[in-house]
Undergrad: 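Sharing a structure, written as structure tokens. Questions coming.
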Amino acid sequence: MGDVSQKMKSITIFISGLIIGFIALFIWAWIKIQPDVKAEPTKTNYSNARLSKVPFEGEWFVFWGGETPEQNAHHGIGVQNFALDLVIHSKEEKSHKFDGRKNEDYYCWNKDILAAHEGKVVVSVDGIPDNIPGKMNPQMVYGNVVMIQDSLGFVSVYAHLKNGSVSKRVGDLVSAGDRLGSCGNSGNSSEPHLHFHVQSESGFESGLSIRPLFDKLKINGLPRESYYPIKSERISP
């Protein structure tokens, strides 16, 4: 009886060993046939977006922009991490004339806002009233806004546009330099300005923040290439 039990135990151990061996061999083979994927994480893949031109004509001033909280009030806020808030300054470093109580007092008010790259319009919002300077509309954060998706997938965002000025609709194809609307003061904005940022996908607050790199522009009157502007710089095409 003891011999039979011993034989049965030996057979069980042998079969168990075979099963474990087959499982190990299968796992090894499965690992070996998997593709050797060495792609960077999505966040790194989308770290920069190359843009053909700045989204306006003339010289504008970077009120907020950069990669530190001191340079950029948007720093650390999701897709707005690399956002730029842009205005036009006078020689006296003021964004408006008179007392600044009217939108019309601001130098950037009603200036054309242009597409920074070619692509397809994926979001277009118009009809939101412009604020009186000093007031804000946090219920409609971006206000009147256009979003353009590039063929590579990234999306540029042009926010706080003037009510009634948006000239592109969802599905429209645009080229770099096409007019999208006029600079306004709609949404969560206390004075006329352009809020511009780039994100990795379409939608409000969707995806990852991407650093916008403009192919060619002037910074404080000097030519630069592949550059991300920062606070207090004057930028022009």
Side-chain angles (χ1 to χ4, degrees), residues 39-56 62-67 69 72-86 112-131 136-190 192-214 228-229:
E40 295 290 334
T42 302
K43 186 173 182 180
T44 303
N45 286 344
Y46 285 108
S47 61
N48 297 310
R50 298 294 298 272
L51 306 173
S52 302
K53 72 181 305 310
V54 295
F56 44 72
V62 183
F63 189 82
W64 290 119
E67 302 185 42
N72 198 344
H74 307 95
H75 180 77
I77 305 178
V79 295
Q80 300 185 38
N81 190 53
F82 296 112
L84 299 168
D85 275 354
L86 301 155
D112 286 343
I113 301 304
L114 313 176
H117 59 93
E118 67 177 19
K120 179 186 286 188
V121 176
V122 290
V123 172
S124 175
V125 176
D126 202 354
I128 298 173
D130 289 288
N131 306 320
M136 302 174 77
N137 180 3
Q139 282 72 43
M140 298 295 292
V141 175
Y142 290 154
N144 303 306
V145 59
V146 173
M147 299 186 187
I148 302 172
Q149 188 160 39
D150 183 82
S151 60
L152 296 176
F154 68 76
V155 175
S156 58
V157 178
Y158 312 74
H160 308 314
L161 301 179
K162 182 183 176 184
N163 185 23
S165 76
V166 176
S167 60
K168 300 297 181 183
R169 297 293 178 260
V170 172
D172 286 351
L173 299 178
V174 299
S175 299
D178 283 358
R179 180 182 179 276
L180 305 177
S182 301
C183 184
N185 190 25
S186 59
N188 199 37
S189 168
S190 60
H193 74 285
L194 171 65
H195 170 100
F196 177 87
H197 75 257
V198 181
Q199 57 193 51
S200 62
E201 60 189 69
S202 176
F204 293 92
E205 306 300 325
S206 297
L208 302 169
S209 178
I210 304 177
R211 184 188 296 103
L213 296 180
F214 297 98
Y228 167 53

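From a predicted model like this one, the values you see are computed outputs, not experimental measurements.
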Undergrad: Distance from I128 atom CD1 to S189 atom OG, nearest 0.5 Å?
TA: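 One gets 12.0 Å once the value is rounded to the nearest 0.5 Å.
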
Undergrad: Tell me, please, which residues at least two apart from Y228 pass ring-ring contact (aromatic ring centres under 6.0 Å, His included).
TA: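 Per chain and number, Y228 pairs via ring-ring contact (aromatic ring centres under 6.0 Å, His included) with F82.
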
Undergrad: Between N131 (side chain only) and N188 (backbone N and O only), is there a donor and an acceptor less than 3.5 Å apart?
TA: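 Answer holds: no.
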
Undergrad: Looking at residues at least two apart in the chain, or sitting in another chain, which of them share a salt bridge (charged side-chain N to carboxylate O under 4.0 Å, His left out) with D112?
TA: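 With sequence neighbours excluded, D112 shows a salt bridge (charged side-chain N to carboxylate O under 4.0 Å, His left out) to R179, given in chain and number order.
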
Undergrad: Quick one: do V123 and S202 satisfy side-chain contact (heavy atoms from CB on, under 4.5 Å)? Show the steps, please.
TA: CA-CA 8 Å; V123 172; S202 176; 4.3 Å; yes

Undergrad: Looking only at heavy atoms, which two atoms of V121 and V146 are closest? And how far apart?
TA: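 It is CG1-CG1, 4.3 Å.
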
Undergrad: Does K120 have more than 12 heavy atoms from other residues, nucleotides or ligands lying within 6.0 Å of its NZ?
TA: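 Not buried by this count: 12 neighbours or fewer within 6.0 Å.
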
Undergrad: Ring pair (Phe, Tyr, Trp, His ring centres under 6.0 Å): which pairs involve residues 156-175, sequence neighbours left out?
TA: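 Listed by first then second residue: Y158-F196, H160-H193, H160-H195.
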
Undergrad: Atom CG of D126 and atom CG of L161: how far apart are they, to the nearest 0.5 Å?
TA: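 Between atom CG of D126 and atom CG of L161 there are 8.0 Å.
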
Undergrad: Name all residues meeting the side chain to side chain contact (heavy atoms under 4.5 Å, CB included) criterion together with V79; count only those two or more places apart in sequence or in a different chain, and write none if there are none.
TA: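 V79: side chain to side chain contact (heavy atoms under 4.5 Å, CB included) contacts with Y142, H197, Q199, E205.
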
Undergrad: Can you spot which of S151, S156, S52 makes a side-chain hydrogen bond (donor to acceptor under 3.5 Å, both in side chains) with H117?
TA: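 So the option named by the test is S156.
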
Undergrad: Just to verify, what does E67 make a salt bridge (charged side-chain N to carboxylate O under 4.0 Å, His left out) with, not counting sequence neighbours?
TA: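 Listed in chain order: R211.
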
Undergrad: Check S200 against L208 and note the closest heavy-atom contact, atom names and distance.
TA: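 That closest heavy-atom pairing would be OG-N, 2.7 Å.
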
Undergrad: Between G127 and N144, what is the shortest heavy-atom contact and its length?
TA: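 Smallest interatomic distance, heavy atoms only, reads N-OD1, 3.1 Å.
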
Undergrad: Is the side chain of N72 donor-acceptor paired with the backbone N or O of W64 at a distance under 3.5 Å, no angle test?
TA: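 Judged by distance alone, no pair lies under 3.5 Å.
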
Undergrad: State the CE-CG distance between M136 and N185, to the nearest 0.5 angstrom.
TA: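 Atom-to-atom, M136:CE and N185:CG are 9.0 Å apart.
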
Undergrad: How close do I210 and N48 get, heavy atom to heavy atom, and via which atoms?
TA: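 Taking every non-hydrogen atom into account, CG2-C, 3.4 Å.
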
Undergrad: Side chains of L180 and I148: does their closest heavy-atom pair fall under 4.5 Å?
TA: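 They are in contact (side-chain heavy atoms under 4.5 Å apart), so the answer is yes.
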
Undergrad: List the atom of S209, the atom of G78, and the distance in Å for their closest heavy-atom pair.
TA: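 So the two residues come closest at CB-O, 3.3 Å.
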
Undergrad: For the backbone of N163 and the side chain of S186, can you confirm whether one donor and one acceptor N or O come within less than 3.5 Å of each other?
TA: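 Judged by distance alone, no pair lies under 3.5 Å.
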
Undergrad: Kindly check if the number of other-residue, nucleotide or ligand heavy atoms within 6.0 Å of CD (Q149) is above 12?
TA: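 Yes, the 6.0 Å shell around CD holds more than 12 heavy atoms from other groups.
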
Undergrad: With side chains defined as the heavy atoms from C-beta onward, is the minimum distance between I113 and K162 less than 4.5 Å?
TA: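 They are not in side-chain contact.
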
Undergrad: Search all heavy atoms of L51 against all heavy atoms of P212 and return the closest pair with its distance.
TA: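 Nearest pair, atom of L51 first, then P212: CD1-CB, 3.7 Å.
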
Undergrad: About how many Å separate CG of L152 and CG of D150, when rounded to the nearest 0.5 Å?
TA: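 Answer for the CG-CG pair, D150 versus L152, is 4.5 Å.
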
Undergrad: Crowded around F56 CZ? As in, over 12 foreign heavy atoms under 6.0 Å?
TA: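 Yes.
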
Undergrad: If you look only at distance, which donor and acceptor atoms sit under 3.5 Å apart when one is on a side chain in residues 168-175 and the other is two or more places apart or in another chain?
TA:
{"residue": "R169", "atom": "NH1", "partner": "V166", "partner atom": "O", "Å": "3.1"}
{"residue": "R169", "atom": "NH2", "partner": "V166", "partner atom": "O", "Å": "3.4"}
{"residue": "D172", "atom": "OD2", "partner": "R169", "partner atom": "N", "Å": "2.8"}

